[in-house]
Amino acid sequence: MDIIQKNGNIVLKNIKDFVPKHIFECGQCFRWDLEEDGSYTGVVYDKVINVSLEDEDVVLKNTNVDDVENIWINYFDIGKDYGHIKKELSDMDEYLKESTKFGYGIRILKQPFYEMVISFIISARNAIPMIKRSVNKLSEDLGEHIDTYNGKKYYSFPTVKSLANADIEKITASKIAFRAPYIQKTAKMIEDEDIQEKDFEKLTLDETAEKLTKFAGVGAKVADCIALFGLSKYDAFPVDVWVKRVMEEFYLKDTNMSLPKMRKYSIEKFGSLGGYAQQYLFYYAREKGIGKNK
DNA sequence: TTCCAGGGCGGGC
DNA sequence: GCCCGCCATGGA
């Protein structure tokens with residue numbers, strides 16, 4: 001991979017397995033939006049960045065070489081060989097072969113731990129467009145104005161402190177409804193106990209899930225999402241409605257397996273590749289509407 | 001109008 | 001351990 005400056009933008013040359021649509025629409029993130037020109041603009045780490053694919057190159061706008069080297073290379077997981085991961089999954093069965101072929105440009109983003117906690121609490125019993133709307137409104141109301149890009153204002157994700165100290169009305173204003181008390185409680189707990197990403201570094205997935213489910217509004221599925229997207233626990237396998245459908249369609253026809261058992265089954269089946277398998281399957285299932293009318 | 005969305009919680013058994 | 005009703009909101 002080479003980093004080149006061109007017209008004030010940064011161009012990443014020779015990047016494989018990187019398709020913005022696949023990355024930003026496979027359900028892992030809520031602060032990336034499609035622009036009219038097909039590019040995606042996102043807010044991460046108090047920074048606004050625009051990403052597009054031009055021929056074989058990844059073009060990054062509104063950023064600089066320092067940030068690319070210090071932040072975005074890591075965030076986009078550029079150092080990882082996703083080709084190898086897809087090959088291993090493809091060799092397992094025809095379904096994974098098809099799914100990895102369909103979402104061939106997916107990469108799992110390394111997102112901020114605490115933002116994942118709050119965002120996925122909001123995700124419970126909610127629709128993805130609504131989750132995005134709520135997260136953006138919450139940032140507008142309780143975060144900081146960090147940048148204006150293409151005439152649009154962008155706001156940072158609210159800090160732990162601002163959420164912990166916010167009135168409940170200020171939180172419910174983001175259409176977060178019955179999840180608002182969960183968010184307030186959890187933000188307070190994170191602040192009071194000074195819980196940080198590094199506290200999870202040496203924990204197994206089960207230990208991580210056990211610790212995370214102590215948060216209000218965090219059950220098995222949300223914990224797995226936080227573990228996968230915010231803590232780089234790649235053996236996590238979040239089972240949501242879509243994953244349940246696609247698992248039943250592909251592997252567990254007419255079994256009527258409970259969610260905890262399906263989680264255990266999948267973790268054992270996919271092992272260290274569980275998180276990747278989950279993302280390819282989720283994207284495939286959701287884009288194709290697998291098992292929706294049953 | 002009714003159903004559903006990247007579920008969790010508290011209750012019951 | 002499993003199942004049930006409930007939880008707001010908006011889009012289809």
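A, B, ... follow the sequence lines: proteins, then strands. Residue 1 opens every chain. FYI, side chains are in, hydrogens and waters are out, and symmetry mates aren't considered; it's all heavy atoms of this structure.
The aromatic ring of A/Trp242 does not stack onto the base of B/dG6, failing the criterion of a centre distance under 5.5 Å from the six-membered base ring together with planes under 30° apart.
The aromatic rings of A/Phe76 and A/Phe24 stand perpendicular to each other, their planes meeting at an angle above 60°, with 30° marking the opposite boundary.
Nucleotides B/dG8 and C/dG10 place their P atoms 22 Å apart, quoted to the nearest Å. Straight-line distance between the P atoms of C/dG5 and B/dG6: roughly 23 Å, to the nearest whole Å.
Nucleotide B/dG6 has no partner under the Watson-Crick or G-U criteria, as no pair reaches both atom distances under 3.5 Å.
The separation between A/Leu212 atom CG and B/dG7 atom C1' is 15 Å, rounded to whole Å. The nearest whole Å value for the distance from the NZ atom in A/Lys292 to the C1' atom in B/dC3 is 11 Å. In this structure, the CG atom of A/Leu228 is 12 Å from the C1' atom of B/dG6, given to the nearest Å. Note: NZ (A/Lys214) to C1' (B/dC9) measures 17 Å, nearest angstrom. Taking atom CD1 on A/Ile122 and atom C1' on C/dA8, their separation rounds to 14 Å, with Å as the unit. In this structure, A/Asn256 places its CG atom 12 Å from C1' of C/dC3, rounding to the nearest Å. We find that CZ of A/Arg263 is positioned 16 Å from P of B/dG7, with the value rounded to whole Å. The interatomic distance linking A/Glu25 (CD) with B/dG6 (P) rounds to 13 Å, in whole Å.
Note: A/His22 and A/Tyr283 meet the aromatic proximity criterion, with ring centroids under 6.0 Å apart. Here the two rings, on A/Tyr251 and A/Tyr265, have centers that are 6.0 Å apart or farther. For A/Tyr82 and A/Tyr104, the ring centers are positioned 6.0 Å apart or more. Between A/Tyr276 and A/Phe270, the ring centre distance reaches or exceeds 6.0 Å.
The side chain of A/Lys175 contributes an N or O atom lying less than 4.0 Å from OP1 or OP2 of C/dG10. Distances shown here put a side-chain N or O of A/Arg133 below 4.0 Å from the OP1 or OP2 atom of C/dG11.
A residue-by-residue look at A/Gln28 and A/Ala216 shows that A/Gln28 has its nearest nucleotide of DNA chain B further toward the 5' end. Along DNA chain C, the nucleotide closest to A/Lys261 and the one closest to A/Met130 are compared, and the more 5′ of them pairs with A/Lys261. Of the residues near DNA chain B, A/Val239 and A/Gly217, the one whose nearest nucleotide (by heavy atom distance) lies more toward the 5' end is A/Val239.
Under the 3.5 Å distance criterion, the side-chain polar atoms of A/Lys233 are left unmatched by any main-chain donor or acceptor of A/Ala209.
Backbone-only contact: A/Val218 has heavy atoms under 4.0 Å from sugar-phosphate atoms and none from a base. A/Phe282 comes within 4.0 angstrom of a base, heavy atoms only. Nucleic acid contact for A/Cys26: base, since at least one base atom lies under 4.0 Å from a heavy atom of the residue. Using a 4.0 Å heavy-atom distance criterion, A/Tyr283 is classed as making no nucleic acid contact.
Listed nucleotides B/dG7, B/dG6, C/dT9 differ in distance to A/Ala177; the shortest reach to its side chain belongs to C/dT9. Residue A/Arg125 has its side chain nearest to C/dC7 when only B/dG6, C/dC7, B/dG8 are considered. When each of C/dA8, B/dG7, B/dG6 is scored by its nearest atom to the side-chain atoms of A/Arg179, the top-ranked nucleotide is C/dA8.
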